[in-house]
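Notes to accompany the following structure.
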Number of protein chains: 2
Amino acid sequence: MALEHALLVSLTERFGSGYELARRFDKSIGFFWSATHQQIYRVLRRMEELGWIDGTAVTQDGRPDKKVYRVSPAGSAELARWIAEPTEPGKLRDELAVKIRAAAHGDIAAVCAEVARHRDRHAERLELYRLMEKKDFPAPDQLSGTALHQYLVLRGGIRVEEGFTQWCQEVLDALEHTRTPERQRRP
Amino acid sequence: MALEHALLVSLTERFGSGYELARRFDKSIGFFWSATHQQIYRVLRRMEELGWIDGTAVTQDGRPDKKVYRVSPAGSAELARWIAEPTEPGKLRDELAVKIRAAAHGDIAAVCAEVARHRDRHAERLELYRLMEKKDFPAPDQLSGTALHQYLVLRGGIRVEEGFTQWCQEVLDALEHTRTPERQRRP
DNA sequence: GTCTGCATGTAACTGGTTACATGATTAT
DNA sequence: ATAATCATGTAACCAGTTACATGCAGAC
């Protein structure tokens, strides 16, 4: 049920249309909770039915009409309620781990290539996040409120990506070591 | 599509019934890819239709009959094919991050409690994984084959849980610091 | 004249969860 | 008695993805 509430957060801070929300999701919130525009439209409709948000049709010229949503008092209450409610830590789901575990039943060289690819992807993400950290939060000690919370989530992303890149490297080292054990010790 | 292949791995190493697979999933593979027994039964049926596995009804006395599955040559081929196929790094989905991001719109004390709870859960998992590491893999340098791959996946779990516990602590420190900033400096 | 951006939508499908049912055996 | 374990299943549901459709505006 987090998508609804992620949208409530986004709309609380700035009202907008489904399209705009989908674009916002490509940044910040989308790093840890993503959704396609179809899913967003559907959820917005349901949220409007529930009375959590109010939609207003806005006619535009030169552009398609749009429907702008605002959080209702009921929506704010729901968000506050949800925040205080305990959540189960979600389970991990990593296909790469399944492949590593399955490596003995296939081509180990291919698994290595795959792990290297993932390592590079995670390293890229990590670099992006570190750039954002430097640029958007140069003085983290002085942060408070929403800016602080945004920073803390970004820190989470950084830690996760660090963990993944390091793990991929560890796996690569171990797998390649067993593939060519003698060569490692030659002068 | 990873559940099918996780089941193929499990069945390749030891044949078994749906029930047994579900129980195995509670350990090892289940740490990074879990499934309910209903989902497993359904997927097994589909896999049998595809010819990846062969099921044999086994009558037991004193216990309910069961259906034991074995991987067919086609199943082995499919597993090998899948292993070599590239996969997209899956997106993160963490509700806790959404809550932290939303903290300004609700009760920050409740968010702190939630973060502390998650930190403890992750710390428990971490301890469990470290125990498994010590007990099941006392000499990781000598590992090879499936045992090595199991170990490497466990290492991933350890890194992830380390990252999460540390992140939760960082968030807690930051949030509690802003709640009572003056008291931190009193003698 | 083709491509990108804005803006929304339907339909079909996949993957997974929740709730419930059955029925025997063994352990407390 | 009653609870847990073994073993499988149906049905309904929820969340999310993929594919496709529409149509105009502005840029190249």
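Since this is a predicted model, take the numbers as computed values, not measurements.
- A donor-acceptor contact shorter than 3.5 Å links the side chain of A/Ser72 to the backbone of A/Trp52.
- At the phosphate of D/dC6, neither OP1 nor OP2 sits under 4.0 Å from any side-chain N or O atom of B/Ser17.
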Distances for protein N/O vs nucleotides 17-21 of chain D N/O pairs under 3.5 angstrom?
unit_1, atom_1, unit_2, atom_2, d
D/dT17, O4, A/Arg42, NH2, 3.0
D/dA19, N6, A/Gln38, NE2, 3.0

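- D/dC14 atom C1' lies 15 Å from atom CD of A/Glu49, rounded to whole Å.
- Across the protein-nucleic acid pair, A/Lys67 atom NZ and C/dG9 atom P stand 7 Å apart, rounded to whole Å.
- In terms of hydrophobic clustering, with Ile, Leu, Val, Met, Phe, Trp and Tyr side chains grouped at heavy-atom distances under 4.5 Å, B/Tyr19 and B/Val58 are assigned to different clusters.
- Grouping the Ile, Leu, Val, Met, Phe, Trp and Tyr side chains by contacts below 4.5 angstrom, directly or via other members, places A/Ile108 apart from B/Val153.
- Looking at heavy atoms from C-beta onward, A/Val9 lies out of side-chain contact with A/His5 at the 4.5 angstrom threshold.
- For C/dG9, neither phosphate oxygen OP1 nor OP2 lies less than 4.0 angstrom from any side-chain nitrogen or oxygen of A/Tyr41.
- Taking 4.0 angstrom as the limit, A/Arg23 places none of its side-chain polar atoms (N or O) nearer than this to OP1 or OP2 of C/dG5.
- Between A/Lys66 atom NZ and C/dG9 atom C1' the separation is 17 Å, expressed in whole Å.
- Contact check for B/Thr87 versus A/Leu96: no side-chain heavy atoms found under the 4.5 Å cut-off.
- Between the side chain of A/Lys66 and the backbone N or O of A/Gly16, no donor-acceptor pair lies under 3.5 Å.
- The distance from atom CH2 of B/Trp33 to atom P of C/dT17 is 10 Å, rounded to the nearest whole Å.
- Using a 4.0 Å cut-off on heavy atoms, the residues of residues 1-16 of chain B that approach DNA chain C are B/Met1, B/Leu3, listed by number.
- The OH atom of B/Tyr69 sits 14 Å away from the P atom of D/dA7 (whole-angstrom rounding).
- Between the side chain of A/Lys99 and the backbone N or O of B/Trp82, at least one donor-acceptor pair lies under 3.5 Å.
- Between A/Val43 and B/Gln60, it is B/Gln60 whose nearest contact on DNA chain D lies nearer the 5' terminus.
- Here A/Glu20 does not pair with A/Arg14 in a salt bridge; the nearest charged N to carboxylate O distance is not below 4.0 Å.
- Bending across the helix from C/dG1-D/dC28 to C/dT28-D/dA1, expressed as the angle between its end axes from five pairs apiece, amounts to 30° (10° rounding).
- Here the C1' atom of nucleotide C/dA7 and the CZ atom of A/Arg24 are 15 Å apart, to the nearest Å.
- Rounded to a whole Å, the CG atom of B/Asp65 is 10 Å from the C1' atom of D/dT8.
- Residue A/Arg46 has no polar side-chain atom (N or O) positioned under 4.0 Å from OP1 or OP2 of D/dG16.
- Using a 4.5 Å cut-off between side-chain heavy atoms of Ile, Leu, Val, Met, Phe, Trp and Tyr, with links allowed through other members, B/Val68 and B/Leu8 fall into different hydrophobic clusters.
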Enumerate all atom pairs, one protein N or O and one N or O from nucleotides 22-24 of chain D, separated by less than 3.5 Å.
none

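- A close approach under 4.0 Å does not occur between any side-chain nitrogen or oxygen of B/Tyr19 and OP1 or OP2 of D/dT8.
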Residue pair B/Leu3, B/Phe25: steps toward the side chain to side chain contact (heavy atoms under 4.5 Å, CB included) verdict = CA-CA 11 Å; B/Leu3 178 55; B/Phe25 260 52; 3.7 Å; yes

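- Few gaps surround OH on B/Tyr151; more than 12 heavy atoms of other groups in view lie less than 6.0 Å from it.
- Heavy atoms of other residues, nucleotides or ligands lying less than 6.0 angstrom from CZ of B/Phe137 number more than 12.
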Extract all donor-acceptor atom pairs below 3.5 Å that involve side chains of residues 37-49 of chain A and protein atoms in other chains or at least two apart in sequence.
unit_1, atom_1, unit_2, atom_2, d
A/Arg46, NH2, A/Glu4, OE2, 3.0
A/Glu48, OE1, A/Lys67, NZ, 3.1
A/Glu48, OE2, A/Gly55, N, 3.2

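- Between the CD atom of B/Glu95 and the C1' atom of D/dG16 there is a distance of 15 Å, given to the nearest Å.
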Check: residues 126-133 of chain A side-chain donor-acceptor pairs under 3.5 Å, at least two apart:
unit_1, atom_1, unit_2, atom_2, d
A/Tyr129, OH, A/Arg125, NH1, 3.2
A/Arg130, NH2, A/Glu162, OE2, 2.6
A/Glu133, OE2, A/Arg155, NH1, 3.0

